[in-house]
Amino acid sequence: MDLAIRQATEADLPEITALFRNTVTAVNTKHYNAKQIEIWASVANETSKWLERIAEHYFIVAENDTEIVGFAYLKNGYYLDGLFVHKDYLRQGVASALLRTIESQVMVEDFPEIRSDVSITALPFFENKYYEIVKKQKKNFKGMVFQNYIVKKTL
Ligand SMILES: CC(C)(COP(=O)(O)OP(=O)(O)OC[C@H]1O[C@@H](n2cnc3c(N)ncnc32)[C@H](O)[C@@H]1OP(=O)(O)O)[C@@H](O)C(=O)NCCC(=O)NCCS
């Protein structure tokens, strides 16, 4: 696949939120229950928060010739707060390309390590990228408990 990585703009908002909703619903559903997925997917509707993330964070998208096939963003310069790939383009290296760009940005900003809270679904991907588990945790989000993992990698 021919991929281009670029910074997100406000105009990408509908594609980003649709991708997020579809991926959570179709992919994360393997590891979280229906109520958890409903709550998680509803984050797609928080338009002002997404606009703020795009405006204030390092927020990148991966595009093929026709559409956005993945996105990722950093918070506080070193914390990967989101990494999502389009449900129809999994296992084609999209997340790998996004993560390479994200890690380069963290290094450019002179942070010694990158951290993230990652889903059960995403853990094998991060292990493949040599991230180590700091902690397995139960995170409270909108009244539901979600199991996930804090991971880190020295850069
Ligand atoms: C996790 C995620 C971002 C990976 O995206 P991807 O583009 O499919 O990942 P890549 O193709 O770059 O994968 C690189 C390698 O990671 C590993 N990997 C990725 N997904 C995997 C999976 N589901 N199971 C096992 N290993 C996996 C493999 O070693 C893979 O290489 P291979 O395909 O040659 O075997 C994607 O599955 C996703 O969006 N998941 C749902 C959203 C999510 O949970 N995001 C994290 C939020 S905390």
Gap separating the NZ atom of Lys152 from the CG atom of Leu80, nearest 0.5 angstrom: 16.0 Å
Enumerate donor-acceptor pairs with a distance under 3.5 Å from any side-chain N or O in residues 140-147 to protein atoms, sequence neighbours excluded.
residue : atom : partner : partner atom : Å
Lys142  : NZ   : Glu46   : OE2          : 2.5
Gln147  : NE2  : Tyr149  : OH           : 3.0

Full working for side chain to side chain contact (heavy atoms under 4.5 Å, CB included) between Ile102 and Tyr58: CA-CA 8 Å; Ile102 286 282; Tyr58 181 72; 4.0 Å; yes
Note, Glu127 side chain near Ile133 side chain (heavy atom, < 4.5 Å): yes
Cut-off 3.5 Å, no hydrogens considered: what does the side-chain donor-acceptor table look like for residues 5-15, sequence neighbours left out?
residue : atom : partner : partner atom : Å
Arg6    : NE   : Glu63   : OE1          : 3.2
Arg6    : NH1  : Asp12   : OD2          : 2.9
Arg6    : NH2  : Asp12   : OD1          : 2.9
Arg6    : NH2  : Glu63   : OE2          : 3.1
Thr9    : OG1  : Ala11   : N            : 3.3
Asp12   : OD2  : Thr9    : N            : 2.8
Glu15   : OE2  : Ile68   : N            : 2.9

Any side-chain heavy-atom pair of Ser96 and Phe125 under 4.5 Å: yes
Heavy-atom pair with the smallest gap, counting every atom of Leu155 and Phe111: CD1-O, 4.4 Å
Shortest non-hydrogen contact from Ala41 toward Phe20: O-CE2, 4.0 Å
Distance (rounded to the nearest 0.5 Å) between Ile60 CD1 and Leu98 CG: 5.0 Å
Closest non-hydrogen atom pair between Leu19 and Gly70, with its separation: CD1-N, 3.7 Å
Review item, side-chain donor-acceptor pairs of residues 48-56, under 3.5 Å, at least two apart:
residue : atom : partner : partner atom : Å
Trp50   : NE1  : Val43   : O            : 2.9
Arg53   : NE   : Tyr73   : OH           : 3.2

Rounded distance [0.5 Å steps], NE2 in His31 versus CD1 in Ile120: 6.5 Å
Connected hydrophobic set around Val134, excluding itself, where side chains approach under 4.5 Å: Ile150
Test item: Tyr131 and Val118 side chains (from C-beta on) under 4.5 Å apart, heavy atoms: no
Side-chain touch Val151/Leu123, heavy atoms, less than 4.5 angstrom: yes
Tyr130 side chain to Thr154 backbone, donor-acceptor under 3.5 Å: no
Shortest non-hydrogen contact between Arg21 and Ala44, atoms and distance: NH2-CB, 3.6 Å
Test ring-ring contact (aromatic ring centres under 6.0 Å, His included) applied to Tyr79 - qualifying residues, sequence neighbours left out: none
Enumerate donor-acceptor pairs with a distance under 3.5 Å from any side-chain N or O in residues 82-93 to protein atoms, sequence neighbours excluded.
residue : atom : partner : partner atom : Å
His86   : ND1  : Asp88   : N            : 3.0
Tyr89   : OH   : Asn64   : ND2          : 3.4
Tyr89   : OH   : Glu67   : OE2          : 2.8

4.5 Å side-chain heavy-atom contact, Gln105 and Leu74: yes
Residues Glu103, Lys129; criterion salt bridge (Lys or Arg N to Asp or Glu O under 4.0 Å); working and verdict: CA-CA 11 Å; Glu103 288 178 352; Lys129 303 298 174 196; over 6 Å; no
From Glu113 atom CD to Tyr78 atom OH, the distance as rounded to the nearest 0.5 Å: 8.0 Å
Minimum heavy-atom distance Ala62-Val94, with the two atoms named: CB-CG1, 4.0 Å
Test item: Ser42 side-chain N/O and Ile39 main-chain N/O as donor-acceptor pair under 3.5 Å: yes
Candidates Gln137, Lys139, Lys138 - the one meeting side-chain hydrogen bond (donor to acceptor under 3.5 Å, both in side chains) with Asn148: Gln137
